[in-house]
Amino acid sequence: MSGETQRQDVEGEFEGRLRGMLSETAYAMGPPPVPYGTIRRRGVVERRRRVAAVGAVLVTLAALPAGAYALGDGRHGRTGTAAPAPSASVPRGTSAASSGSSSGSPSASPSGPGRPATTGQLMDGITFGQAVNGLEKCLAYNTTGKHRMGSVDLGDAADYRIILAMHSTGDSNAPGDGVHVVAVKKDPVPKPVRLICTIEDGEAQGLNIAMGDDAPPDAGAVYPDANSGALYQQSFIDKGRWKLPFRWGIIGTVKPSVTKLTVSYGGGKGDTVVDHGWFVAYGTLHQQVTRAPHIKGYDAAGKLVYDSDQDKSYAKTLP
């Protein structure tokens, strides 16, 4: 046997042993268990941060200018950028259980969209009929032409409860004032649905849809809606130059243990309501801000059960 043949046999034997060792080691040293819980929590945090950042640029699924919704006589017409009119005072911490009998609560409308728990949730002179009209236009907007969301069936206006209607302020990304109408499905089964509609000149111009529950199993007693930045922000393009005074709002879900909330924004306190498992807060901003609304939730004993400053998934700083 030549030296060359002998060397090849040795190398072949060595290579075979090496492959076997690597194979055994790879089998024995399998990957560690995947920390699904940690990954999901981190994913929720990142998703909410991304949503908050994207929302400052384009929070509606259909990005069109938001202008004015004709009020009063039903005719279409653009309004100026005057300060929003003050709304009726809403008691802080109105519970879902007591909202139906509250003296400030509109009467029920079983055959159509549900009314908000208090009249104060219809702000800036917007009537319930006008809010319903806006909701109907947004649902039609979802089913026609280029705005259709594929096979998504959002149902009828009667399936929803209106929890907020408020003035919207135009900015560099979406010039022109208008109206926001926020509605949620009365029945969250098989899955909850939340709509944020933008109305301009009596027509729907934008619709943000949230379907399902994105709250992680370990979510706090209060879970702010990641897309409600549309209600309390102007475009990041105008950072430091927001139009003031500015009507703002924020929404989210609460657990039954929460009976009272406080929300502060830009040094001022907002009005808050708990409405059938949703919280609604709103106010008027009079100064430039860099931080998102600060939310606190309390139980019936007055114990603090939620603080947005301690919520890792809540975007505390504005884009």
Side-chain angles (χ1 to χ4, degrees), residues 51 55 58-72 74-77 106-117 121-168 170 174 176-214 225-231 249-253 275-278 280 282:
V51 166
L58 183 62
V59 74
T60 54
L61 294 176
L64 293 176
Y69 184 48
L71 301 177
R75 293 174 297 184
H76 296 176
S107 60
S109 53
S111 61
R115 291 176 176 266
Q121 290 159 257
L122 300 172
M123 295 184 287
D124 307 316
I126 303 168
T127 68
F128 180 66
Q130 289 164 342
V132 170
N133 182 261
L135 172 61
E136 291 172 341
K137 289 179 182 295
C138 280
L139 292 172
Y141 175 91
N142 177 65
T143 60
T144 58
K146 62 181 180 181
H147 309 305
R148 183 175 177 81
M149 292 296 298
S151 59
V152 176
D153 181 9
L154 298 178
D156 301 321
D159 299 331
Y160 290 83
R161 174 179 294 103
I162 293 173
I163 62 172
L164 182 63
M166 57 178 274
H167 174 89
S168 68
D177 292 358
V179 162
H180 289 308
V181 177
V182 183
V184 298
K185 272 284 186 74
K186 294 177 184 176
D187 186 358
V189 179
K191 57 186 173 183
V193 178
R194 188 273 298 133
L195 308 177
I196 299 178
C197 307
T198 302
I199 311 296
E200 176 195 359
D201 293 332
E203 299 298 331
Q205 300 290 353
L207 177 61
N208 180 277
I209 306 168
M211 305 184 74
D213 184 6
D214 69 341
D225 189 306
N227 282 292
S228 62
L231 306 175
I250 186 170
I251 62 170
T253 56
D275 187 344
H276 295 81
W278 287 83
V280 180
Y282 50 87

Exercise. Which atoms form the tightest heavy-atom contact between Leu122 and Thr127, and what is the distance?
Worked result: CD1-C, 4.3 Å
For this session: Report the C-alpha distance between Met123 and His167 in whole Å, list the side-chain angles of each, state the deciding distance to 0.1 Å, and finish with yes or no for side-chain contact (heavy atoms from CB on, under 4.5 Å).
Result: CA-CA 7 Å; Met123 295 184 287; His167 174 89; over 6 Å; no
Exercise. Taking all non-hydrogen atoms of both residues, which atom of Leu135 and which atom of Ala183 are closest, and how far apart?
Worked result: CD1-CB, 3.9 Å
Exercise. Do you know which two heavy atoms are closest between Cys138 and Ile199, and how far apart they sit?
Worked result: SG-CD1, 3.8 Å
Exercise. Between Asp275 and Pro116, is there a donor-acceptor pair closer than 3.5 Å when you use the side chain of the first and the backbone of the second?
Worked result: no
Problem set entry | Residues in side chain to side chain contact (heavy atoms under 4.5 Å, CB included) contact with Asp159, at least two apart in sequence or another chain | Asp156, Lys185
Exercise. Can you name the closest pair of heavy atoms from Leu231 and Met166 and give their distance?
Worked result: O-CE, 3.8 Å
Problem set entry | Taking every non-hydrogen atom, the tightest pair across Arg161 and Arg115 | CG-O, 3.7 Å
Seminar exercise, completed: Here the gap from His180 atom NE2 to Asn208 atom CG, rounded to the nearest 0.5 Å, amounts to 10.5 Å
Exercise. Checking Gln205 side chain against Thr198 main chain: does a donor-acceptor pair fall under 3.5 Å?
Worked result: no
Problem set entry | Nearest-0.5 Å distance that lies between atom CD1 in Ile126 and atom CG in Asn133 | 12.0 Å
Problem set entry | Stepwise side-chain contact (heavy atoms from CB on, under 4.5 Å) test for Trp278 and Val182 | CA-CA 11 Å; Trp278 287 83; Val182 183; over 6 Å; no
For this session: For Ala210, enumerate each residue passing the side chain to side chain contact (heavy atoms under 4.5 Å, CB included) test, keeping only those at least two apart in sequence or located in another chain.
Result: Arg194
Exercise. Do Asn142 and Leu195 pass the side-chain contact (heavy atoms from CB on, under 4.5 Å) test, and can you show the C-alpha distance, the side-chain angles, and the key distance before you say yes or no?
Worked result: CA-CA 11 Å; Asn142 177 65; Leu195 308 177; over 6 Å; no
For this session: Write down the atom of Asp225, the atom of Asn227, and the distance for their closest heavy-atom approach.
Result: OD1-N, 2.8 Å
Exercise. Is the backbone of Ala158 close enough, under 3.5 Å, to the side chain of Lys186 for a donor and an acceptor to pair up by distance?
Worked result: yes
